[in-house]
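Take a look at the structure below.
Below, chain A is the first sequence line, B the second, and so on; all start at residue 1.
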Amino acid sequence: MTLVLALIDCDNFYASCERVFQPRLESQPVAVLSNNDGCVIARSNEAKALGIPMGAPAFQYRGIFWRHGVKLFSPNFELYGDMSDRVMATLRPFTEQMEIYSIDEAFALLPGLPEEEHESYGQAIRSAVLKHTGIPVSVGIAPTKTLAKIALELIKQTPAKTGVLAIGRLPNLDAQLAGLSVRKVWGIGHAFTARLERLGIRTVQDLKHADLRQVRRILPVNGFRTAMELNGRSCLPLTALDAPCKSVICSRSFSRAVRTFGELSEAVAAFAARAAEKLRKEHRTATILQVFVETNRFKERDWYANVKAVVLPRSTNYTPDLLAAAQEALQHLFIPGRNYKRAGVLLSELQNDSSGQPDLFGETSAGALERRSQLMKTMDAINQRYGQGTARFLAEGTVQPWRMKRLLKSPAYTTQLAEIPVARC
DNA sequence: TCTGGGGTCCTAGGACCC
DNA sequence: TCTGGGGTCCTAGGACCC
């Protein structure tokens, strides 16, 4: 039986989130920047039309921003995360099963409907999300995930922006696929495109009709699956909604170079503490902690990057334990005299949190474990209520001069009572 | 002056074993 | 010139995604 899969993708998600709360920006060019206001990470259609590419370094495009009055924003992930939750909640009643694939897109299994009703169903989804959240979405409908992705690609290329496309209803699918570079296929990146092109496989249509044995020889197994999916054979099922994460990372570029061990150590402690918070939120514990540091990779002459892993004596999400491990790792990494530009903490070998449960051979008593767990819960609650970093460890530093800059950030409209929008008559 | 951050999966190759 | 043949497990690094 063929599935009816939909891919629902928020249009220019971060830019659209900003617009919801500043409607006067409708039809104006809007760009959202990365941390430290470094690169462009989201663009409204108007900004795209100005030729501002994804990932563009902001300083190189300052002229264009200024000439065309591009409205710039620092990233407001608190807002985007909350808006994403609202979008996903709106989608759920329309679907039999859903896989939230990223902050701005979800795959969904649609109920069994006659094919001629697919597009109107997609339109209904689209109107509901727009009405409930103010976010415009596009909907691609197809028998496989890969084809649903292709549908979204085709939507982008058609001038009549209806926002919904059911692949099965397309009269000239092959002709359209022949006009699409193989690079546009989900899972085919830079390197795989080069390999395929060497075999003369240049368009999506070429890949769809390629000799699968040949494809298998030059691509890993997922490349093979992708080719099958283009032919309507579903190989990539919807994954479980609550699949536990396998690693947690927190890393940042610094607003300016960091030279001293003291400052670097503060930053790494702060990242470890953020990572630990994420871990507790997911009810997980980590067994391995890795610290990595890097100097400015755009100044190749002094580029230095290194990583050090520490195996924790017991799987934990208790911040002080992770801070100690991070310090130990950093001792091995730090070389004086360098200008560090970025650092991070990666937690892996995750397990389900069984805190409160005393470990068989450990010296820590049940009572002590319970107190540790309570302490973390209290800190998390304070930070949840009053904003990240309100309660923190001294090791994270007080001044934090390396802290990223977000000079153009919009308010936390939906998650902080103090920043809620006010309507004036 | 100024160039993001957070993930997953796969594979090749080394170490080790019989 | 020939240099056994399977296995397993682990890790680093590559490739991809948004």
Side-chain angles (χ1 to χ4, degrees), chain A residues 7-14 31-43 52-63 65 72-77 80-81 84 99-107 145-146 149 152 182-196 216-226 235-236 239 243-257 271 274-275 278-279 282 284 288 290 292 294-300 303 305-309 311 339 341-350 404-408:
Chain A
L7 172 59
I8 301 102
D9 183 296
C10 300
D11 299 344
N12 315 326
F13 183 53
Y14 299 164
V32 178
L33 304 175
S34 63
N35 283 327
N36 291 313
D37 301 332
C39 305
V40 173
I41 56 170
R43 306 151 295 155
I52 301 166
M54 184 67 173
F59 73 93
Q60 285 175 4
Y61 285 81
R62 202 157 291 161
F65 295 155
L72 299 175
F73 289 91
S74 300
N76 187 346
F77 293 112
Y80 311 148
S84 174
E99 173 190 341
I100 297 174
Y101 177 69
S102 74
I103 193 167
D104 70 341
E105 60 190 301
F107 288 103
K145 285 180 165 180
T146 304
K149 280 274 185 189
L152 280 184
V182 74
R183 176 68 181 83
K184 298 286 185 187
V185 176
W186 186 43
I188 306 294
H190 211 73
F192 293 171
T193 298
R195 287 188 212 173
L196 289 168
R216 184 63 191 94
R217 270 202 298 278
I218 59 163
L219 295 187
V221 63
N222 276 344
F224 178 79
R225 293 192 183 125
T226 294
C235 304
L236 306 167
T239 55
C245 60
K246 298 180 173 172
S247 66
V248 159
I249 193 169
C250 178
S251 73
R252 294 282 182 277
S253 296
F254 304 132
S255 53
R256 62 154 172 78
F271 303 156
R274 286 298 83 67
K278 284 193 214 173
L279 216 50
E282 304 273 335
R284 305 280 276 169
I288 291 181
Q290 290 177 69
F292 53 91
E294 203 182 312
T295 61
N296 193 334
R297 65 179 179 282
F298 295 99
K299 293 177 182 167
E300 280 177 36
W303 192 65
N306 207 349
V307 54
K308 171 73 185 171
V311 180
N339 293 307
K341 184 62 182 162
R342 202 171 91 93
V345 170
L346 171 68
L347 302 175
S348 55
E349 295 294 300
L350 305 189
M404 64 202 177
K405 285 184 292 195
R406 291 202 290 205
L407 299 176
L408 308 165

What dot-bracket string describes DNA chain B from 5' to 3', counting Watson-Crick and G-U wobble pairs whose defining distances are under 3.5 Å, with [ ] for crossing pairs and | for pairs to another strand? ....||||||||||||||

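Taking for each of A/N222 and A/M404 the nucleotide of DNA chain B with the nearest heavy atom, the 5'-most of the two is the partner of A/M404. Each of A/P244 and A/S253 was assigned the nucleotide of DNA chain B with the nearest heavy atom; the assignment lying further toward the 5' end belongs to A/S253.
Ring geometry for A/Y61 against A/F65 counts as tilted: the plane angle lies between 30° and 60°, on a 0 to 90° scale. Between A/F271 and A/F254, the angle of the ring planes stays under 30°, which puts this pair in the parallel group of the 30/60° scheme.
Atom P of B/dT3 sits at a distance of 25 Å from the matching atom of C/dC18, rounded to the whole Å.
Under the rule for a salt bridge (Lys or Arg N to Asp or Glu O under 4.0 Å), the partners of A/E99 that lie at least two apart in sequence or sit in another chain are A/K145. Taking A/K308 as the reference, nothing meets the salt bridge (Lys or Arg N to Asp or Glu O under 4.0 Å) condition, with sequence neighbours excluded. In this structure, A/F192 has no ring-ring contact (aromatic ring centres under 6.0 Å, His included) partners at least two apart in sequence or on a different chain.
Using a 4.0 Å heavy-atom cutoff across all strands shown, A/A191 reaches sugar-phosphate atoms only and no base atom.
For the segment residues 245-252 of chain A, residues with any heavy atom less than 4.0 angstrom from an atom of DNA chain B are, sorted by number, A/C245, A/K246, A/S247, A/V248, A/I249, A/C250, A/S251, A/R252.
The outermost nucleotides of DNA chain C lying under 4.0 Å from heavy atoms of chain A, listed 5' to 3', are C/dA15 to C/dC18.
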